[in-house]
There are 2 protein chains.
Amino acid sequence: MEKELTPTSAADGVEQALKVLEGKWKLLIMFHLFGGKLLRFSELERAIPAITQKMLTQQLRQMEADGVVRRILHHQLPPKVEYGLTEWGQALCPVLDALLKWADLRDDLR
Amino acid sequence: MEKELTPTSAADGVEQALKVLEGKWKLLIMFHLFGGKLLRFSELERAIPAITQKMLTQQLRQMEADGVVRRILHHQLPPKVEYGLTEWGQALCPVLDALLKWADLRDDLR
DNA sequence: CGGTATCCGCTGTGATACTG
DNA sequence: CAGTATCACAGCGGATACCG
């Protein structure tokens, strides 16, 4: 089925997509997880030294709720939690590439 | 020359690109201007009834400064101003398409 | 180890009034 | 017609302390 595409509906669709990326640390977290990598909470903290625990938790929770990140809980002592991208999260990679290329285009066009 | 691409530099590049799109009304304005359309200030106001004059001015000024929108001033009475996309602005169209498709993918993947 | 809870400042947005 | 100026407010993110 075809969707009708008015300026309003198109802008709305893109905004839905962008909302998933909004948040000061989400892109950085994603780029650390691309390639199917799994990282523990503490490994993410070390990979992103400037982030606070609060923000790391908050951003991960939102990304999980949005379906880009999955949380893998290993029941053991001490507790171990790993984070990775979902299939949908990995599908974002080419889109982000396109955005990077668009940013580069600016220099070429002027 | 090749750029080295660390998670940090990649996230940074994407953030630069996204900053241009941030702002409550910018996407909506862009979608009204795609296809080489030129619209007057008052036409944009009518096309986007919920926007205030302040926000329309502010978003247009920022988009102009960022290089996605161009302002065409016709010296006549009464004054006439038209807004359109720059070449770089129009180059964003396929990228936004990719984002739309990514958003649609979510439903397919679960 | 992997989190929560709380307080607080800053920036983006809205409402409204005014202007060349 | 096409703006500018001012005030008010909500939500994001930072700092810090505490918890199972």
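Quick note on labels: first sequence line is chain A, next is B, and so on, each numbered from 1. We use all heavy atoms of the structure for the numbers below, so side chains are in, but hydrogens, waters and symmetry mates are not. Note that this is a predicted model, so its numbers are computed, not measured.
One finds no side-chain N or O of B:T52 lying less than 4.0 angstrom from the OP1 or OP2 phosphate oxygen of C:dA15. Regarding contacts with the backbone of D:dG3, a side-chain N or O of B:R71 is found under 4.0 angstrom from either OP1 or OP2. In this structure, A:R40 does not reach the C:dC1 phosphate: none of its side-chain N or O atoms is under 4.0 Å from OP1 or OP2. For D:dG14, one of the phosphate oxygens OP1 or OP2 lies less than 4.0 angstrom from a side-chain nitrogen or oxygen of A:W25.
Toward the 5′ end of DNA chain D lies the nearest nucleotide of B:Q53, the other residue of the pair B:Q53 and A:K54 mapping further downstream.
Distance A:Q58 CD to D:dA15 C1': 14 Å, rounded to the nearest Å. B:E45 has its CD atom 8 Å from the P atom of D:dA2, to the nearest Å. The interatomic distance linking A:Y83 (OH) with C:dC1 (P) rounds to 14 Å, in whole Å. Counting to the nearest Å, the P atom of D:dG13 and the CD1 atom of A:I29 are 11 Å from each other. We find that CD of B:E82 is positioned 14 Å from P of D:dC1, with the value rounded to whole Å. B:E64 has its CD atom 9 Å from the P atom of D:dG3, to the nearest Å. Summarising the geometry, the separation between CE on B:M55 and P on D:dG3 is reported as 15 Å, rounded to the nearest angstrom. The nearest whole Å value for the distance from the NE2 atom in B:H75 to the P atom in C:dG20 is 19 Å.
With hydrogens and angles ignored, the 3.5 Å screen pairs no side-chain donor or acceptor of B:E82 with any backbone N or O of B:I72. The backbone N or O of A:D66 sits less than 3.5 Å from a side-chain atom of B:R106, completing a donor-acceptor pair. A:E64 places no side-chain N or O within donor-acceptor distance of the main-chain N or O of A:V69, the cut-off being under 3.5 Å. No donor-acceptor pair under 3.5 Å is formed between the side chain of A:T86 and the backbone N or O of A:R70.
Among the nucleotides C:dG14, D:dG13, D:dC1, the one closest to the side chain of B:P79 is D:dC1. Looking at the side chain of B:V81, the nearest of the listed nucleotides C:dG2, D:dG13, D:dG3 is D:dG3. Nearest nucleotide to the side chain of A:K24, out of C:dT4, D:dC1, D:dG13: D:dG13.
Residue contacts shown for A:Q59 are limited to sugar-phosphate atoms, with no base heavy atom under 4.0 Å away.
Between B:Y83 and B:F41, the ring planes lie tilted relative to each other; the angle falls in the 30° to 60° range.
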